[in-house]
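In what follows, a single structure is set out as C-alpha cells and then discussed.
Reminder, nothing fancy here: chain letters follow the sequence lines and each chain counts from 1.
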Amino acid sequence: MADIKSLKQISDTIWEIPISYKEGMRVPARIYGTDKLIQEMDDAVYDQITNVATLPGITKYALCMPDGHFGYGFPIGGVAAMDVENGGVISPGGIGFDINCGMRLVVTNLTYDEVKPYIKKVVDRLYERVPAGVGSTGFVKISRNEFRKVVEQGARWCVDNGYGWEEDLELIEENGCIAGADSAKISEKAIDRGFNQIGTLGSGNHYLEIQIAKKENIFEPELAAKLGITQPDQVVVMFHCGSRGFGHQVATDYLQVFLKVMESKYGIKILDRELACAPFDSPEGQAYFSAMKCGLNMSFANRQVILHRIREVFSEIFGRSAEDLGMHMVYDVAHNTAKLERHIVDGKERSLLVHRKGATRAFAPEMTGIPARYENIGQPVIIGGSMETGSYLLVGVPSGAQSFFSTAHGSGRTMSRTKARKTFRGEKLQKDMQARGIYVRSTSWAGLAEEAGGAYKDVDELIEAAELAGISKKVVRFTPIGNIKG
DNA sequence: ATGTCC
C-alpha cells in the first residue's frame, strides 16, 4: 500500500511528490487518481515515477495516469515530455517493449438483438481467423524484404494490398504511416521475429472484444453520434494488440545500445538500469527513434489486417458486405509511443519528445493531428477495460494541456499475474462470464485467469478521476458480450 | 508485453 500521507494533494484527483523526495529529481512527479486509486497503487509506482523525474530534459512534471502500475523502468501509465533542444533523452523504458501497443474501435449498424443469437458463432469464427497466443503467426505470407516495406509504410501497405479501406487511413494518426521509419535501423533478428506475425493478436492482456453501447451509457449523445455511435444497444468491436515479437526485439536491441553509450559517451547517470536512454539528438537516439517508428508502423499494419479479418467474419455470418454492415473505423490510437510535439510550457512553445507508456494522447478540439472529421470534438481516446467489466470512448479536452494532452489507457492491474493465476481459475471464469452474457475464448486457461476483472482497478472510477482532473471527457461506456483473449 | 532465459 502506498503511503498517501507523503503526497501533496493538489486537487481531489491530482497528487504531487516534490523534488525534495529524492536526490536528482529535476521536476516534481504528479500522480492522477482518487484517494482510493492512489492508495491501491503499489509503492513501486512512487519509486519509478520519481526516478523518471531525474531524466535529462524532463519538462514540468513526471506524470502518472490514474491507471498507473509497476512497469519496466517507467510505470505503466507514465508520461514524460523531454525538451529535445536542451539535452532531452529518449528512453525505450518510457515507451514499452510492446512498441505501439494500442487500441482500435470499429462500429457496426447491428444491434444487440440481432447479434445475440450469433454471438457464439461470431466469437468462435473470429477465434479461428485472428491467430492469438504466444508465438502465433498470421496468414499474410510475405518475404522478409516485403516486410521491410510494411514497417516503413504501416497501414498504407495493407490498404494498398487489399486489407482494408482507404477511409481507414484517415482514422489513424499520421494516416497509419509514420514518416521517418527506416528499416536499415532494425536488426535482422527483429525482421525474423516479425515478418510472419502480421494480423495476430498476441497474448497477455491483448484481446478482441464484441461490445454494446447501452442507452444509459451513451453520456454525450451528440459527440457519440459524430464518432459513429448512433443508436442504443449498437454493437461495436474493440481490440488491443501491438507490434508482437518485432517491437520487442527493437526495444531489446536498443536498450543494449543505450546501456553501452549512456554513461561512457554521454555522461548520463541513472537510478535504474531499466531507464537506459540516450540524448534524443545523438546518433543512437535518432537511430532508435527511427527503429521505434518501424515498430509503430508494424503495429498499425497488424491492427489493419485484423480489422480486415473482422469485417470478413461479420460479412460471412450476417450475409451482407462489411459496407452494408456499416463497419467503419472510429479510431486507432497508440498507448506505447513517443512523439515529437509542440507544447506551451510556462507561456513558451517548446519542442518536446512526449513519452507515453500505457498512456493515451488526448488532443483537444482544433489541435493539429486530429482527423479532419473530429476537429471540432477532440481526439477520440479508446480505453480498454478488463474483459469482465467495460470499456470507454473518450475525447480530449483543452484542460488536458496540464498532462501534455495525455490520459489513461486501460484499467490498470491491481494484482500481479502470478497472484491472479492463484486467485482465479480460467475454466470457472469462462463459465461465470458466460452466465453473465459474455462468451469468451482463450488460448490458455492460465492466461484467462490472469485477465480476470478482479485483477484490475475499477475502470469506472479511473475514468471519473481522469474527467474530474480535466484530462479527458467520457462519451460512451461499452459493455462486453464476447471476447477473444490472446 | 515477449519464440514468458541464448
Side-chain angles (χ1 to χ4, degrees), chain A residues 44 48 67-78 91-104 130-138 144 147 186-208 239-256 259 273-276 291-292 294-296 298-300 302-303 306 333-338 355-360 384 386-387 409-413 415-422 426 442-451 455-456 484-486:
Chain A
Q48 292 192 313
D67 49 342
H69 58 107
F70 176 75
Y72 182 92
F74 278 56
I76 318 276
S91 175
I95 291 156
F97 273 84
D98 189 8
I99 296 164
N100 193 358
C101 185
M103 306 292 306
R104 188 176 283 214
V130 182
V134 179
S136 55
T137 54
R144 288 169 172 77
F147 183 67
I186 56 184
S187 65
E188 281 303 322
K189 199 171 175 182
I191 299 276
D192 277 343
R193 288 182 67 174
F195 83 103
N196 58 6
Q197 291 189 317
I198 304 167
T200 63
L201 208 49
S203 62
N205 64 358
H206 288 165
Y207 63 86
L208 193 173
F239 56 104
H240 176 219
C241 62
S243 50
R244 309 284 284 104
F246 177 73
H248 192 275
Q249 191 60 45
V250 170
T252 304
D253 290 341
Y254 279 91
L255 278 166
Q256 285 173 4
L259 280 171
R273 276 172 59 87
E274 295 183 356
L275 291 177
M292 183 205 68
C294 293
L296 296 179
M298 156 63 184
S299 200
F300 286 140
N302 192 21
R303 292 197 285 271
I306 290 174
V333 71
H335 53 226
N336 275 11
T337 185
H355 294 70
R356 295 189 182 90
K357 192 248 193 102
T360 313
S386 83
M387 62 189 179
H409 84 302
S411 276
R413 298 194 76 85
M415 200 184 274
S416 71
R417 292 186 174 280
T418 313
K419 193 176 173 197
R421 274 199 306 275
K422 286 177 186 159
S442 176
T443 57
S444 140
W445 291 124
L448 189 66
E450 288 177 4
E451 295 304 313
Y456 281 87
I484 292 99
K485 203 216 77 65

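- For A:F239, the ring-ring contact (aromatic ring centres under 6.0 Å, His included) test picks out no residue, with sequence neighbours left out.
- Under the ring-ring contact (aromatic ring centres under 6.0 Å, His included) criterion, A:Y207 pairs with A:H240, sequence neighbours left out.
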Protein-nucleotides 3-6 of chain B N/O pairs closer than 3.5 Å?
| unit_1 | atom_1 | unit_2 | atom_2 | d |
| --- | --- | --- | --- | --- |
| B:dG3 | OP1 | A:R193 | NH2 | 2.1 |
| B:dG3 | OP2 | A:Q197 | NE2 | 3.1 |
| B:dG3 | N2 | A:R193 | NH1 | 3.1 |

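- Scanning for ring-ring contact (aromatic ring centres under 6.0 Å, His included) contacts around A:H69 gives an empty result, with sequence neighbours left out.
- Looking at residues two or more places apart in sequence or on another chain, you find a side chain to side chain donor-acceptor pair (under 3.5 Å) between A:R417 and A:E450, A:E451.
- Among residues two or more places apart in sequence or in another chain, the ring-ring contact (aromatic ring centres under 6.0 Å, His included) test is passed with A:F147 by A:F246.
- Within 4.0 Å of A:G204, counting heavy atoms only, lie sugar-phosphate atoms of the nucleic acid but no base atom.
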